[in-house]
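Chain naming here is simple, since letters A, B, ... match the order of the sequence lines and numbering starts at 1 in each. The model shown is predicted, which means the values in this text are computed figures rather than measured ones. Hydrogens, waters and symmetry mates play no part in the numbers below; they use all other heavy atoms, side chains included.
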Amino acid sequence: MEATQVLFWFIAVVTILSAGIVAFSSKLIHSAFALLATLVGFAAFYVYLGADFLAVAQIMIYVGGILILIIFGVMMTHRIYDTSKRTAHNSLILSLLGGAAMAAILGMIIFRSPWTATVFKTLKPTTSMIGTSILTNYLLPFEVISVLLLGALVGAVYLARREEDEE
Amino acid sequence: MIQLESYLIISAIVFVLGIFTILYKKNAVGILMGVELILNSVNLNFIAFARYIDTYINGQLVAIFIIILAASEAAVALAIILNMYRDRRSVDVTKMDEMKN
């Protein structure tokens, strides 16, 4: 095995283990920090797949934005001294059954379909291609999602704001 | 060269862990983490297909839109969770059985 493959499988193991910690940890703050390792692992996979722009976007948006929001949410909804407190869970067996059913479906799909890599691309920078596509073929989704982003922003501020006239 | 199936299997494992997280956790923030796991695994699939099957980078463009949707979803979800906590001092989703308090 080449060094890149060894590194790939190392990253895969770390990513899956930390995703397991996110799922099984009984302390929410541990889940939040394990999610950090998972997200960085995914960014590494994007590098392996030649998606340079997306790897950086993953780190900036997920790790720098969403994860901070989630940790913020954990801190706001638990008293900080409570980080050692165990959180309540649903039935482990039923949840495992649900997960196993999903795993069976996905496994069937993956192992029964013939996956043939039809194109062998050379690695090249994707940023300019993404920029061109967004302003040509993907212009409508781009505009729609910018409106959606504005709506989500205003909605989040409206929801999280204290209603002072009522209190 | 890493096979396409490797990425599909990794993303399936993370997807299943995300489904499990959503089913297992009662805490609303924990459920949000499960949703993030699922969105990430789907993104990995899209980007893997963009690399191995598509002649252009359409998969990466879809992944960008998914990342944007995930960001706005996390912001709105956390706003709702903060409101929930302010009203009831709890983020246990199994106790949220009323439309209005």
Proximal component of [X], with respect to chain A [non-hydrogen, under 4.5 Å]:
| X | result |
| --- | --- |
| Glu5(B) | side chain |
| Leu44(B) | both |
| Leu4(B) | side chain |
| Ala77(B) | neither |
| Thr94(B) | side chain |
| Leu17(B) | both |
| Ile68(B) | both |
| Leu8(B) | both |

Is [Y] close to [X] at the side-chain level, that is, under 4.5 Å between some pair of heavy atoms?
| X | Y | value |
| --- | --- | --- |
| Leu94(A) | Leu23(B) | no |
| Leu148(A) | Leu69(B) | yes |
| Leu159(A) | Leu82(B) | no |

Between Tyr56(B) and Ser133(A), a side-chain donor and acceptor under 3.5 Å
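Checked: Tyr56(B)/Ser133(A) side chains pair up, N/O donor to acceptor below 3.5 Å.
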Measuring from Thr126(A):OG1 to Arg51(B):CZ, what's the distance to the nearest 0.5 Å?
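Going from the OG1 atom of Thr126(A) to the CZ atom of Arg51(B) covers 11.0 Å.
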Qualifying residues under salt bridge (charged side-chain N to carboxylate O under 4.0 Å, His left out), relative to Asp92(B), sequence neighbours excluded
Lys95(B)
Just say parallel, tilted or perpendicular for the rings of Tyr7(B) and Phe45(A), cut-offs at 30° and 60°.
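Correct class here is perpendicular.
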Mutual orientation of the aromatic rings belonging to Trp115(A) and Phe49(B) [parallel < 30°, tilted 30-60°, perpendicular > 60°]
tilted
ILVMFWY clustering at 4.5 Å (side-chain atoms), partners of Leu140(A)
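So far as hydrophobic clustering goes, Leu140(A) is joined with Val144(A).
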